[in-house]
Amino acid sequence: MTNSVNRADAIVHAAHVLSSGGLVAFPTETVYGLGADAENVGAVERIFAVKGRPPSHPLIVHIGASEQVEDWAAGVLEPARFLAERFWPGPLTLVLRRSARVPLVVTGGLETVALRVPDHPVALALLQAFGGAVAAPSANRFGSVSPTSARHVREELGRHLRTAVDVVLDGGSGNVGVESTIVDCTGEHVAILRPGGVTREDLERALGYSVPIRSLGSIRAPGQYASHYAPRARVILVEPDELAGEARRLQALGSRVGALTPRAFERAVADGHVVHILLVPESMTEYAQQLYELLREFDRRGCDVIVAALPPEQGLGLAIADRLRRAAGP
Ligand code: AMP
Ligand code: MG
């Protein structure tokens with residue numbers, strides 16, 4: 001979109017497409033979403049078809065303002081109200097009891113719904129113009145790397161673009177870059193189901209108590225699949241000081257090796273004659289913003305294996321490490 005007039009037109013058109021049961025890919029501050037009218041069962045079913053996503057895998061429902069939470073959730077408890085007030089719009093998704101207005105196809109058959117107000121001008125304008133709620137997973141094929149630009153969306157869903165995805169809104173790259181933090185707010189004690197853009201430390205500071213990270217039992221979430229967020233290349237995780245040796249070993253076996261390398265180990269890795277070195281950004285904020293583009297760049301360069309080390313698991317490092325582990329999953 002070249003200017004704000006075009007952008008306003010595009011958003012009005014996209015809202016109309018949603019109202020007519022179409023699919024719209026749109027930017028958020030985390031990753032690009034593939035959205036449908038959350039109340040239109042046929043449209044939501046098309047999301048699952050386009051993504052190749054199992055129907056038991058629930059979608060996040062996006063709303064334009066926290067005041068709308070009562071329309072889509074029932075029996076909202078105090079911690080959820082507080083977190084919505086404090087972190088919305090933002091990269092925090094609250095799992096709540098669903099209201100009758102949310103079809104079961106959206107929640108994968110669960111009695112809970114995941115709600116979020118995204119912090120991106122295009123997403124908010126779209127939600128406002130549309131007026132309802134937009135069910136949207138990330139706009140990629142199931143299991144692969146989430147898109148952080150309109151170009152990534154086109155690469156991912158290329159063959160569906162004319163047939164199923166009616167609009168791709170381009171809003172540049174979001175300033176968070178990894179998915180939202182998902183917090184179970186169905187009980188008195190909140191728990192993190194997926195680490196993301198709002199850090200555990202942010203949540204604990206706001207709430208004043210410690211927040212556990214729960215791998216899900218009864219509640220299902222896409223993030224819990226062992227393999228997810230994965231590039232085509234195989235991802236191998238090692239300690240930072242093992243990067244050079246592991247890269248050299250794989251190279252000797254005939255692999256086309258990429259190394260996601262902290263600057264401090266660049267020399268060592270380069271001495272091993274690894275061809276494809278991409279540097280880990282200096283700050284965790286930049287690392288989160290660029291993580292998925294870095295993984296895609298190794299794929300573009302034709303690497304068949306990527307060696308990487310986990311960052312310290314504090315702040316955004318927790319979400320980055322989670323995504324790298326799943327990218328390396330079986
Ligand atoms: P994705 O489609 O991969 O971008 O992510 C959608 C996210 O929504 C998943 O990570 C799920 O964890 C989450 N989600 C949606 N609905 C629920 C729910 N009712 N309970 C728990 N997680 C949910
Ligand atoms: Mg996803």
Side-chain angles (χ1 to χ4, degrees), residues 23 25-36 38 44 46-63 69 72-76 80 91-99 101-118 123 133-148 152-153 156-157 174 176-187 190-198 213-231 291-292 295-296 319 322-323 325-327 329:
L23 303 191
F26 64 99
T28 78
E29 81 280 33
T30 61
V31 303
Y32 274 68
L34 179 62
V44 172
R46 276 173 66 212
I47 292 180
F48 286 91
V50 168
K51 278 192 60 115
R53 181 181 176 107
S56 62
H57 223 48
L59 305 180
I60 292 174
V61 174
H62 297 74
I63 55 178
V69 76
W72 310 98
V76 180
L92 181 70
T93 296
L94 303 178
V95 174
L96 303 163
R97 277 178 48 209
R98 103 186 144 89
S99 84
R101 213 170 154 182
V102 180
L104 284 168
V105 63
V106 171
T107 69
L110 299 175
E111 286 306 326
T112 55
V113 61
L115 288 180
R116 168 169 119 84
V117 179
V134 173
S138 50
N140 52 280
R141 298 281 298 164
F142 183 68
S144 91
V145 178
S146 301
T148 47
H152 294 168
V153 174
E156 281 285 331
L157 303 177
V176 177
V178 292
E179 292 80 354
S180 59
T181 303
I182 300 178
V183 173
D184 179 5
C185 290
T186 54
V190 306
I192 295 171
L193 302 180
R194 175 180 73 183
V198 169
I213 300 173
R214 178 147 37 87
S215 22
L216 324 154
S218 53
I219 298 180
R220 283 164 296 176
Q224 70 185 295
Y225 276 63
S227 174
H228 212 91
Y229 314 109
L291 174 66
Y292 292 141
L295 295 178
R296 283 175 190 276
D322 173 78
R323 303 308 187 271
R325 277 206 190 85
R326 293 182 199 286

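Whatever order the structure lists them in is the order used to number ligands and atoms, beginning at 1. Please read these numbers as outputs of a predicted model, since none were measured by experiment.
- Residue-to-ligand polar distances keep K51 apart from ligand 1: every N/O pair is separated by 3.5 Å or more.
- Contacts between R98 and ligand 1 below 4.0 angstrom, taking non-hydrogen atoms only, are absent altogether.
- A salt bridge is defined here as a Lys NZ or Arg NE, NH1 or NH2 lying under 4.0 Å from an Asp or Glu carboxylate O, and E179 with R116 fails to meet this definition.
- Side-chain rings of H57 and F142 approach one another, their centers coming within less than 6.0 Å.
- The ligand atoms of ligand 1 that sit less than 4.0 angstrom from a heavy atom of L110 are 18 (C), 19 (N).
- Heavy atoms of T107 stay at 4.0 angstrom or farther from ligand 1.
- Side-chain contact, E156 with S144: a donor N or O sits under 3.5 Å from an acceptor N or O.
- S138 lies close to the Mg ion (ligand 2), since one of its N, O or S atoms is found at a distance under 2.8 Å.
- A cation-pi arrangement is found for R101 relative to W72, the charged atom lying closer than 6.0 Å to the ring centre and inside a 45° cone about the ring normal.
- Atoms of ligand 1 found under 4.0 Å from any heavy atom of L59 (numbered from 1 in listed order, with element): 15 (C), 16 (N).
- Of all the atoms in ligand 1, the ones that sit under 4.0 Å from a non-hydrogen atom of T112 are 18 (C), 19 (N), 20 (N).
- Ring geometry, Y229 versus Y292: the interplanar angle falls under 30°, so the pair is classed parallel (tilted spans 30 to 60°).
- Assignment of E179 to the shell around ligand 1 is not supported, since no heavy atom sits closer than 4.0 Å.
- Of the candidates E111, R53, R116, it is R53 that places a heavy atom closest to atom 3 (O) of ligand 1.
- Of all the heavy atoms of D184, none lies under 4.0 Å from any atom of ligand 1, so neither backbone nor side chain is involved.
- Side chains of R296 and T148: no donor on one and acceptor on the other come within 3.5 Å.
- Each of the atoms 7 (C), 8 (O), 9 (C), 10 (O), 11 (C), 12 (O), 13 (C) of ligand 1 lies under 4.0 Å from some heavy atom of I182.
- Using a 4.5 Å heavy-atom cutoff, the side chains of V183 and T93 are not in contact.
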